[in-house]
Amino acid sequence: MARRLRPVELDFVESAPLRLVFAAEVAAPPKAVYAALADDVAGWSSWFTGVSQSASTEGGRGREVRLAGGTRFTETVLAAEPDAHYAYRVDTTNAPGLRALLEDWRLASAGDGTRLRWTFAADGPAPFRLVMTLARPGLGRAFRESVRALDRRLAAMGEP
């Protein structure tokens with residue numbers, strides 16, 4: 001059963017009780033990477049580890065995401081700055097323990113490619129925060145694998 005989470009805004013990325021930050025580089029330019037993040041939401045399942053289905057809603061102002069294993073999220077896009085910044089908060093989920101969640105993607109030019117920084121900002125009770133802190137290495141591995149898959153996908157689509 002889906003529960004409504006606390007609605008947070010962009011400043012939560014700095015004040016969240018739990019912040020996990022990961023960074024990696026891809027060969028494609030920021031324009032292509034941003035398009036994969038923000039414009040091709042349905043394509044996330046082909047590159048982001050664990051995402052089984054995703055769709056843009058409300059004309060791009062929202063998202064619906066399903067993970068392998070059945071976790072579901074409805075989200076509101078809070079930042080959509082082409083080639084630079086994409087962020088969304090989770091409004092409802094069936095995941096236990098969460099009180100608030102915001103994911104923030106920052107893009108920066110890195111030579112001919114893009115440096116991606118993903119911040120997972122969350123709130124939940126102490127046991128949830130502990131479990132997520134212990135899961136950090138696994139989340140980091142999933143992020144790196146996902147970024148490599150995105151890089152391959154963009155290269156196959158003809159992006160440098």
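Being a predicted model, the structure only gives us computed values, none of them experimental.
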*Is the NZ or CZ atom of Arg63 both under 6.0 Å from the centre of the six-membered ring of Trp44 and within 45° of that ring's axis?*
yes
*Closest non-hydrogen atom pair between Val33 and Ala28, with its separation*: CG2-O, 3.9 Å
*Looking only at heavy atoms, what is the nearest atom pair of Leu139 and Met132, with distance?*
CD1-CE, 3.6 Å
_Considering all heavy atoms, the nearest Gly113-Pro30 contact_ = O-CD, 3.8 Å
*Going by atom types alone, do Trp105 and Tyr88 pair a side-chain donor with an acceptor below 3.5 Å?*
yes
*Arg6 and Phe12: side-chain contact (heavy atoms from CB on, under 4.5 Å), yes or no, with the steps?*
CA-CA 11 Å; Arg6 186 173 84 242; Phe12 186 68; 3.4 Å; yes
*asked:* Looking at Thr133, is its backbone amide N or carbonyl O close enough to the side chain of Arg136 to form a donor-acceptor pair, meaning the two atoms are under 3.5 Å apart?
replied: no
_Within 45 degrees of the ring normal and closer than 6.0 Å to the centroid, is that where the cationic atom of Arg141 sits relative to Phe22?_
no
*So, does Arg129 use its side chain to make a donor-acceptor pair with the main chain of Gly124 at under 3.5 Å?*
yes
*Please assess Leu102 against Leu78 for the test side-chain contact (heavy atoms from CB on, under 4.5 Å), listing each intermediate value before the final yes or no.*
CA-CA 9 Å; Leu102 180 129; Leu78 299 176; 3.3 Å; yes
*Partners meeting side-chain contact (heavy atoms from CB on, under 4.5 Å) with Ser52 (sequence neighbours left out)*: Arg66
*asked:* Show the nearest heavy-atom pair for residues His85 and Leu107, with the distance to one decimal.
replied: N-CD1, 4.2 Å
*Specify the closest pair of heavy atoms between Pro96 and Phe128, including all atoms of both residues, with the distance to one decimal.*
O-CD1, 4.2 Å
_Main chain of Ala108, side chain of Thr114: is a donor-acceptor contact present, judged purely on distance under 3.5 Å?_
no
*Is it true that a side-chain atom of Arg89 and a backbone atom of Val8 form a donor plus acceptor pair closer than 3.5 Å?*
yes
_Can you see whether Ser45 engages Ser54 through a side-chain donor-acceptor pair at a distance of less than 3.5 angstrom?_
no
Identify all side-chain donor-acceptor contacts of residues 35-42 below 3.5 Å with residues at least two apart in sequence or on another chain.
from  : atom 1 : to     : atom 2 : distance (Å)
Asp40 : OD1    : Gly43  : N      : 3.1
Asp40 : OD2    : Arg153 : NH2    : 2.8

*Apply the side-chain contact (heavy atoms from CB on, under 4.5 Å) test between Arg3 and each candidate in Asp91, Thr92, Thr93, Asn94; give the one that qualifies.*
Thr93
*When you measure from the side chain of Thr71 to the backbone N and O of Leu67, does any donor-acceptor pair fall under 3.5 Å?*
no
_Testing the basics here: between Ala122 and Leu101, what is the closest heavy-atom pair and its distance to 0.1 Å?_
CB-CD1, 3.9 Å
